[in-house]
Enquirer: 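Mind having a look at this structure? Questions to follow.
Ligands are counted one by one from 1 in listed order, and the atoms in each one are counted from 1 as well. Both backbone and side-chain heavy atoms feed into the values below; hydrogens, waters and symmetry mates do not.
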Amino acid sequence: MSPSDMTEAQAKGRIKFLSLEIRAHDEAYYQSDDPNVSDAEYDSLRKELVNLETQFPQLIVKDSPTQKIGSNPSSKFSKIKHGVPMLSLDNVFTEEELSEFLVRVKKYLNINNKIYFTAEPKIDGLSAGILYKNGKLVRGATRGDGRVGEDITANIRTVDNIPHTLSGTDWPEILEVRGEVYIGHDEFAAMNKTQLAAGQAEYKNPRNAAAGSLRQIDANVTASRPLKFFAYTWGELSAPFAATQMEAVEKFKTWGFDVNPLMARFETAKGLLDHYSDIALRRADLRYDIDGVVYKVDDLALQERLGFVSRAPRWATAHKFPAEKAITVLEDIDVQVGRTGALTPVARLTPVNVGGVLVSNATLHNEDEINRLRLRIGDKVEIQRAGDVIPQVLRVVDADISAREADYQLPTQCPVCGADAVRDIDEKTGKIDVVRRCTNGLSCPAQAVESLIHFVSRRAFDIDGMGAKQIEAFYNQDLVKEPADIFTLESRNPDIKLETWEGWGQTSASNLFAAIKAKREIDTAKLLYALGLRHIGQGTSELLAKHYISWAALSDSAIKASDHASAAWLDLLSIDGVGGAAAGSLTTFFGSEEHRAVIDRLLSQISVIDAERPTHDSPVSGKTVVFTGKLERFSRDEAKARAQSLGAKVAGSVSAKTDYLVAGPGAGSKLKKAADLGVNTLTEDEWLVLIS
Ligand code: IVH
């Protein structure tokens, strides 16, 4: 179903589903270096989500994967906060989307003249930021979640073609060179030969081999791996060193870095597309993996003006190569129950090689999707996997599906606990939800276990050594039934002798208890996120924590707000970015005595750190601004983005709450209303003076 045919309720269900999928894949990709879907599959999920969010902007949640960059850093390495965030890239897949990107750039800049773009291969490796002080390598970091990465300085120093001392003299005192660490095809084949000879498992693909090699605790191991680096962008700088992308990369070369020889500059869409085709043709001969072409605005002053939207720059995009396809047999459809009770059908497939990766599972999303495909067990199906790992079923290839009924139904009883599993009706639209859910809440073992798994996961309590398997085992032995039990596990069971359990040893057992102990302190946002409430992801948790500061204030207000006639409810809804669904989920949770008791038991085991109070340091921070009329120096979007980045709220209409109306030529009713209300009115130039 295309987004335009969907009802809001359907879109909402689908967005939720896609977000969960994408998050799970991110987790596998960033934390285990073990992606379970192909890049193309992953990109297609992401793309579908972006399309839906474009169609239904009211459904965008702050913690949507489209608003985020990567995943949390793993805890093996110490953490490094990036001075400049390490961004990701948006994608285009077609010529049409490329033209849209080019038009968007010009429109944002309000420019009609020619704009130059560079085009270069998108290397399929891992990004790294390498910091030089006075020409000496002092630090290396992974991207992590884009804000905080891992300190891999020792490992980076072992990469052959990364200089420890820069050549030349014209580098800035502080220079962070960013680029991609990768392993070439020949070296990858040799590595796998060695693995096999040693009786060890082969690496899935060069990207995984590179990730595994780079994140070795023992840098000597990294040194033995054939890692290489291409420099293509930068982070922290003490001073600018180039005026264009081309010039910057030329400089990297003179300072001793390898840069990609296929980077070139064009001024038309045709030029870019021809280069894309050329790179695609040469792909097989390159001897390293690439998964597309990256286009960037060449002029750095324009890049600066374009800035970025949450996770990706406005001045660049990746043109991905199409996904790889294969035919296999659908052997079975399993149903999994997730943390929020969603029943998800999973296709079990006869294993098949798709572009170098053996695929045996694919997600089928929900029952509507199975019906759309008219799938039957035993069917020959075409599957698709883009780039790297988890796949999607595209269609049935050996049967006439037109004769088939759309009669697949997920079980109406939860396959785990037997409670009713239903598709809710959206109160507002009257439409039926795409997702079927078990109605048993935390009394359903699957939901309880999945919630506990979420509770200890990386972005929540991040308890090392406690994963899905351990939680399941503890749950099944009745040792951990709710969060507080994790913290009392050892004291309640002094004779547990974990080291005698299957899969445990002396070290892993004592490490686990040490890891639990280390996490008895947590900040407000993480604690809320760890509870795994529907509609309350990382972003919303952070917004709520920032608003209420302390856990006590947050929970008191949430309890009061469960009365929707209260001031607390209005206060909750007034938080920018917190919608009705999140607010409802929070108050329903805190409104339950049983849930409050669970939290109280947890709080008796841990201490909660207050959120940081926001600082106000721009003249317009916290002010509400409205733009009207024609702006001459900026597009409306650019003006709005600037205002928001300075902490202002941008509103669409003038009210008594408006602090400034910025009016260009042609302003009409808003100007009049502002005058009536006595709102401060500024010209575009006056506004610029105010914010500069
Ligand atoms: S530029 C702010 N150029 O692709 C933009 N990225 O999907 C920074 N990548 O995080 C990225 N080749 O790890 C850029 N030639 C290239 C690239 C490239 C690979 C990676 C990079 C980035 C990811 C986004």
Enquirer: Do any N/O atoms on Tyr232 end up under 3.5 angstrom from N/O atoms on ligand 1?
Expert: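 Yes; the residue has a nitrogen or oxygen that sits under 3.5 Å from a nitrogen or oxygen of the ligand.
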
Enquirer: Answer with side chain, backbone, both or neither: which part of Ala316 has a heavy atom less than 4.0 angstrom from an atom of ligand 1?
Expert: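 The answer is neither; Ala316 stays 4.0 Å or more away.
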
Enquirer: Between Thr233, Leu89, Val297, Leu306, which is the residue that forms a side-chain contact (heavy atoms from CB on, under 4.5 Å) with Pro313?
Expert: Leu89

Enquirer: Between Arg225 and Glu187, is there a salt bridge with N-O shorter than 4.0 Å?
Expert: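 No salt bridge links Glu187 with Arg225.
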
Enquirer: Could you tell me the residue and atom name of the protein heavy atom closest to atom 20 (C) of ligand 1, and the distance to it rounded to 0.1 Å?
Expert: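 For atom 20 (C) of ligand 1, the nearest protein heavy atom comes out as Glu180 OE1, 3.4 Å.
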
Enquirer: Who gets closest to atom 5 (C) of ligand 1 by heavy atom: Thr118, Leu89, Val293?
Expert: Leu89

Enquirer: Do the side chains of Arg14 and Glu48 get close enough for a salt bridge, i.e. N-O under 4.0 angstrom?
Expert: yes

Enquirer: Give the single entry among Gln303, Lys122, Lys296 that approaches atom 3 (N) of ligand 1 most closely by any heavy atom.
Expert: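 Looking at heavy atoms only, Lys296 sits closest to atom 3 (N) of ligand 1.
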
Enquirer: Do you know which of Val177, Leu166, Leu237 makes side-chain contact (heavy atoms from CB on, under 4.5 Å) with Trp171?
Expert: Leu166

Enquirer: Hey, are Glu173 and Lys133 close enough for a salt bridge, meaning a charged N less than 4.0 Å from a carboxylate O?
Expert: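 So Glu173 does not pair with Lys133 through a salt bridge.
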
Enquirer: Does Val294 approach ligand 1 within less than 4.0 angstrom via side chain, backbone, both or neither, non-hydrogen atoms only?
Expert: side chain

Enquirer: Give the atoms of ligand 1, by number and element, whose distance to some non-hydrogen atom of Leu87 is under 4.0 Å.
Expert: 2 (C), 10 (O)

Enquirer: So, are Lys107 and Glu100 salt-bridged, with charged N and O less than 4.0 Å apart?
Expert: no

Enquirer: Kindly identify the option in Pro313, Ala318, Gly179, Gly235 whose heavy atom sits closest to atom 2 (C) of ligand 1.
Expert: Pro313

Enquirer: Taking only Lys NZ, Arg NE, NH1 and NH2, and the carboxylate oxygens of Asp or Glu, determine whether Arg283 and Asp278 approach each other closer than 4.0 Å.
Expert: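 Asp278 and Arg283: not salt-bridged.
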
Enquirer: Heavy-atom distance under 4.5 Å between the side chains of Phe117 and Glu267, does that happen here?
Expert: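 The answer is no; the side chains never approach within 4.5 Å.
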
Enquirer: Please indicate whether any nitrogen or oxygen in Ile123 is less than 3.5 Å from any nitrogen or oxygen in ligand 1.
Expert: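 Between Ile123 and ligand 1 (N or O atoms, distance only) the closest approach is under 3.5 Å.
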
Enquirer: Take every heavy atom of Pro121, measure it against each atom of ligand 1, and state whether any distance is under 4.0 Å.
Expert: yes

Enquirer: Met86 near ligand 1, heavy-atom distance under 4.0 Å?
Expert: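 No, Met86 has no heavy atoms under 4.0 Å from ligand 1.
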
Enquirer: For the residue pair Phe230 and Tyr288, categorise the inter-ring angle as parallel (less than 30°), tilted (30 to 60°) or perpendicular (more than 60°).
Expert: perpendicular

Enquirer: Counting non-hydrogen protein atoms only, what is the nearest one to atom 15 (N) of ligand 1? Give residue, atom name and distance.
Expert: Glu120 OE2, 2.7 Å

Enquirer: Does Arg143 have a non-hydrogen atom less than 4.0 Å from ligand 1?
Expert: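 Arg143 counts as a contact of ligand 1 under the 4.0 Å cut-off.
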
